[in-house]
Amino acid sequence: MRRLRLVTLILLVCAGIQAWSPVAYARTALENASPGPGDTVAAGSDLISLTFDALKPGTTPKVVLRGPDQAAVLIGTPVVKRDRVVCVRVTPLREGVHTLTYTVVGAGNDVRTGTISFTTAIGAKPATASPTCDAASLPAPASLDRTLPRGLNYPHTVRYILGGVVGVGIVAVAGAAMARRRAGPRRRGTARR
């Protein structure tokens, strides 16, 4: 009986660790970003570049940019240059902290999702985008990218929900097994009340 409880406890702990651990992505390699994580650049900047080790040709990255008030910032369609640089034109950025979430597909078909934050301020130096990003050749901001609704980072949220459901299921099965074992075998011929 004690062994069953110990095994059940170990399984529950392992399931909990797996369900709530951060997602591991193969070869996640954001090599450079402009503006980069933690950078302070001039307010009014309108071009963002993200450089990766290698991206799958023919795929279109998903990019969501949130402004200081967490409202979506208008962006153009992201364009991949040289199979590794993502270039995006955005409406001129207001002063404050901005959060950029990206999802790209790597050359090995691995999905890479990440978030970076940067600050825009009056009087700061302008962002220096990758030389491969020519603003004139990029699509202008036209509509909101609605790929990730506010507050929802899809891969992580699904993992948390599924992990919780699996954890509850394991606890329920283990509890039922322990209760059945504790009750003992039913005897034939015993009267029910």
Side-chain angles (χ1 to χ4, degrees), residues 21-160:
S21 66
V23 178
Y25 294 102
R27 297 181 313 234
T28 301
L30 174 64
E31 293 179 351
N32 191 17
S34 178
D39 285 356
T40 299
V41 298
S45 297
D46 64 353
L47 183 60
I48 294 174
S49 66
L50 305 167
T51 304
F52 296 89
D53 56 351
L55 298 176
K56 183 176 181 178
T59 59
T60 302
K62 305 287 187 228
V63 177
V64 176
L65 181 61
R66 302 256 177 225
D69 57 358
Q70 291 302 307
V73 175
L74 292 174
I75 65 170
T77 303
V79 174
V80 177
K81 304 271 187 161
R82 297 185 182 171
D83 291 333
R84 59 185 307 227
V85 181
V86 176
C87 305
V88 184
R89 277 183 59 193
V90 300
T91 55
L93 300 175
R94 296 183 299 134
E95 192 175 2
V97 177
H98 298 269
T99 304
L100 181 124
T101 302
Y102 62 86
T103 301
V104 296
V105 179
N109 284 331
D110 54 314
V111 176
R112 307 168 188 198
T113 299
T115 301
I116 62 172
S117 295
F118 58 89
T119 304
T120 54
I122 296 173
K125 291 183 179 180
T128 307
S130 170
T132 58
C133 295
D134 177 23
S137 68
L138 298 174
S143 65
L144 289 174
D145 183 340
R146 300 181 190 276
T147 56
L148 293 176
R150 183 176 179 178
L152 176 64
N153 188 342
Y154 181 75
H156 297 290
T157 303
V158 169
R159 182 180 179 102
Y160 294 147

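The basis for the numbers below is simple: all heavy atoms, side chains too, and nothing from hydrogens, waters or symmetry mates. Counting from 1, the numbers follow the sequence of the chain as shown.
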Once the angle between the rings of Phe118 and His98 is folded into 0 to 90°, is it parallel (under 30°), tilted (30 to 60°) or perpendicular (over 60°)? parallel
Thr59 vs Val104 side-chain heavy atoms within contact, under 4.5 Å: no
Within 6.0 angstrom of Lys81 NZ, more than 12 heavy atoms from elsewhere: yes
Minimal non-hydrogen separation, Asp110 against Ala107, with atom names: OD1-N, 4.3 Å
Candidate list Asp39, Thr101, Leu50, Ile48, test side chain to side chain contact (heavy atoms under 4.5 Å, CB included), partner Ile116, passing option: Leu50
Measuring from Ile122:CD1 to Arg94:CZ, what's the distance to the nearest 0.5 Å? 12.0 Å
Counting distance only, does the side-chain N/O of Thr120 pair as donor-acceptor with the main-chain N or O of Ala42 below 3.5 Å? no
As an exercise, state the distance from OG1 of Thr115 to CG of Leu30, rounded to the nearest 0.5 Å. 11.0 Å
I need the minimum non-hydrogen distance between Cys133 and Leu47, along with the two atoms involved. O-CD2, 4.0 Å
Can you tell me how far the CG atom of Asp46 sits from the CD1 atom of Ile75, to the nearest 0.5 Å? 13.0 Å
CZ-OG1 distance between Arg66 and Thr99, expressed to the nearest 0.5 angstrom: 9.0 Å
With a 4.5 Å limit on heavy-atom distance, are the side chains of Val79 and Pro139 in contact? yes
Kindly compute the distance separating CD (Glu31) from CG (Asp53), expressed to the nearest 0.5 Å. 5.5 Å
Counting only N and O atoms by type, is there a donor-acceptor contact under 3.5 Å from the side chain of Ser34 to the main-chain atoms of Thr128? yes
Gap between atom CD of Glu95 and atom OG1 of Thr119 - 0.5 Å precision: 10.0 Å
Between Asp83 and Val80, the two heavy atoms sitting closest are CA-CG1, 3.9 Å
Minimal heavy-atom distance between Pro78 and Thr60, with the atoms involved, is O-CG2, 4.0 Å
Testing the basics here: between Leu138 and Val88, what is the closest heavy-atom pair and its distance to 0.1 Å? CD1-N, 4.3 Å
Heavy atoms of Val73 and Gly67 approach each other most closely as CG2-N, 3.5 Å
Given side chains that start at C-beta, do those of Tyr102 and Val86 come closer than 4.5 Å, heavy atoms only? no
